[in-house]
Amino acid sequence: MTTARQFVVPAACRGSDLGEAELDALAVLVRSSGPLSGGDSRQTFERRFAEYVGARHALTVTSGTVALEIAIGLLELRAGDEVVVTPQTYQATVQPLLDLPVTVRFCDVDPDTLNMDPDALAGLLTDRTRAVVLVHYGGGPADMTAITALAHGVGAVVIEDCAHALGAERDGRRPGAMADISCFSFHGSKNITTLGEGGMITVDRDDWADRVDRRRSNDVDAEIDALPLTPDGAALPAALPWMKFAAHAYRHDYGRVRRAGTNATMSEAAAAVGIVQLAKLDTLVDRRRRIAAHLDAVLAEFVEVRPARVPPGVRHAYHLHTFFVPPPGARDALVRALDRRDVEIALRYFPQHLMPEWRRHRPGHGPGECPVAERIWFGEHMNLPCHPGLSDTQVEHLGDALRAGLREVLAGRHDEGAMPCPTSM
Ligand SMILES: *Cc1c(COP(=O)(O)O)cnc(C)c1O
């Protein structure tokens, strides 16, 4: 095995910062004799999270991917249904759709924010569109006023993937309360973490909250009238009178399973850490904003660089720091120049409609479907490390490396081979 290269500035090791407060919360839990699952920590984390984002219900799950699976499952999509999705995201946003008999339409993005472009969306909606699934790319909330108006106009549900956007705002609203169903990730690289893996779904509708709750815990219906009958056909609570009084958790064993559920409940340990992390969220996101401001100041020295747009009314969470380097070949040269200066670059994300699984999907997807997303990713798209794990010294190194790298490549020394463009792949 080769050992991983140590960068002075890693792309992202941890997205958050963990310390004494998280250790204390874990110590309290370990020393208590309370439950390790389904206890107070989970409820408290959910209640505070719902309050923070401004949603009626928040339900913890084990990952952002599971949150998206459950959210899409709520819609009970059928053959012939259509779903419009963003291509500029991580696989997990669209993966739950791969095995469904639906038609997926990739919607092009705004070239300055990389969020779903409402004008492109308008051209894709039909009377068969059941859902629009989008991401708040990098932590900058999409134009949800325009997008939800369009989607609701054809009766489609809007699902927002808020994996990057916890801590952001747009016009006084927070991701988690900007769509019909919202999904969060607490993976170790995200704005807060529940010790490496975790997720949340927020919804306003009581019936959806109930269905999410059932689905994440084996979809068991523990109501007394849903209990099975005895071999003689008698109602179980009548045959076993103690069942009327048994604890909910125990009755669960006898409940009717209505459909294939799963166990995606969050552990008390994860939730206890989540409570502490949520209290730190604003500090963690402020740190991201300060790093982004430092990098933006360097970028402002270069007229050739196109900064990402932060629309008025947006408080960006800077899960990713993004900008654009349009001169031909300059983006690729900059990646190499920063690599030589010990800055690790991860370009996020390869347009999903060009991934092999979606090219093979019916109907086929491929180049030309989202020209803006393709042009930006192959020609201009740049991300820099931007996370609270970076020390002041690392941020300074990053800014200096960025300035030196841009000077080098924009002075015309970017003649090494460029990435292949999608049509030639
Ligand atoms: C991280 C991420 C996910 C998946 O979250 P997990 O908790 O890792 O399953 C989904 N969508 C986006 C945009 C992400 O960045």
Side-chain angles (χ1 to χ4, degrees), residues 11-16 45 49 58-73 83 85-98 104 106-107 109 113-116 131-142 144 158-168 175-176 178-179 181-202 212 216 262-267 270-271 273-274 277-278 284-285 288 308 316-322 346-353 355 357-358 373 377 381 383 385-387:
C13 33
R14 288 183 185 180
S16 178
F45 184 36
F49 196 91
L59 297 108
T60 46
V61 288
T62 42
S63 72
T65 301
V66 167
L68 286 154
E69 276 170 15
I70 293 178
I72 289 170
V83 181
V85 302
T86 180
Q88 186 39 259
T89 187
Y90 176 60
Q91 276 104 314
T93 313
V94 287
Q95 198 171 20
L97 296 164
L98 260 179
V104 171
F106 287 94
C107 177
V109 296
T113 62
L114 303 187
N115 275 322
M116 182 177 275
V132 173
V133 185
L134 56 85
V135 68
H136 300 301
Y137 175 81
M144 298 304 279
V158 182
I159 299 179
E160 53 176 352
D161 178 345
C162 307
H164 300 172
L166 184 58
M178 293 179 143
I181 311 173
S182 315
C183 300
F184 291 86
S185 165
F186 308 127
H187 179 268
S189 66
K190 299 294 156 60
N191 298 3
I192 65 169
T193 185
T194 48
L195 278 188
E197 303 287 354
M200 188 81 86
I201 296 176
T202 60
V212 171
R216 69 176 170 174
T262 186
N263 177 8
T265 53
M266 179 177 277
S267 73
V273 169
Q277 287 270 294
L278 185 62
L284 291 165
V285 173
R288 289 178 180 274
H316 204 291
Y318 289 106
H319 177 70
L320 300 173
H321 182 277
T322 306
L347 295 181
R348 304 234 137 98
Y349 295 88
F350 190 81
Q352 290 302 306
H353 65 291
M355 297 290 274
E357 63 271 25
W358 288 105
W377 201 90
H381 185 151
N383 296 114
C386 181
H387 49 89

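One-based numbering, in listed order, for ligands and for the atoms of each. Being a predicted model, the structure only gives us computed values, none of them experimental.
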Q. What is the ring orientation for Phe106 with His353, classed by angle as parallel under 30°, tilted 30 to 60°, or perpendicular over 60°?
A. tilted
(Q) For the residue pair Ser16 / Gln277, report whether a side-chain donor-acceptor contact shorter than 3.5 Å exists. (A) yes
Q. How are the rings of Phe49 and Phe45 set relative to one another: parallel (under 30°), tilted (30 to 60°) or perpendicular (over 60°)?
A. perpendicular
(Q) To the nearest 0.5 Å, what is the distance between CZ on Arg14 and OG on Ser189? (A) 12.0 Å
Q. Any idea which residues sit under 4.0 Å from ligand 1, heavy-atom distances?
A. Ser63, Gly64, Thr65, Leu68, Thr89, Tyr90, Ala92, Thr93, Val135, Asp161, Ala163, His164, Ser185, His187, Lys190, Gly198, Tyr349
(Q) Tell me if the aromatic rings of His164 and Tyr349 count as close, with their centers under 6.0 Å from one another. (A) yes
**Q.** Inter-residue atom distance Ser63.OG - Met200.CE, 0.5 Å rounding
**A.** 13.0 Å
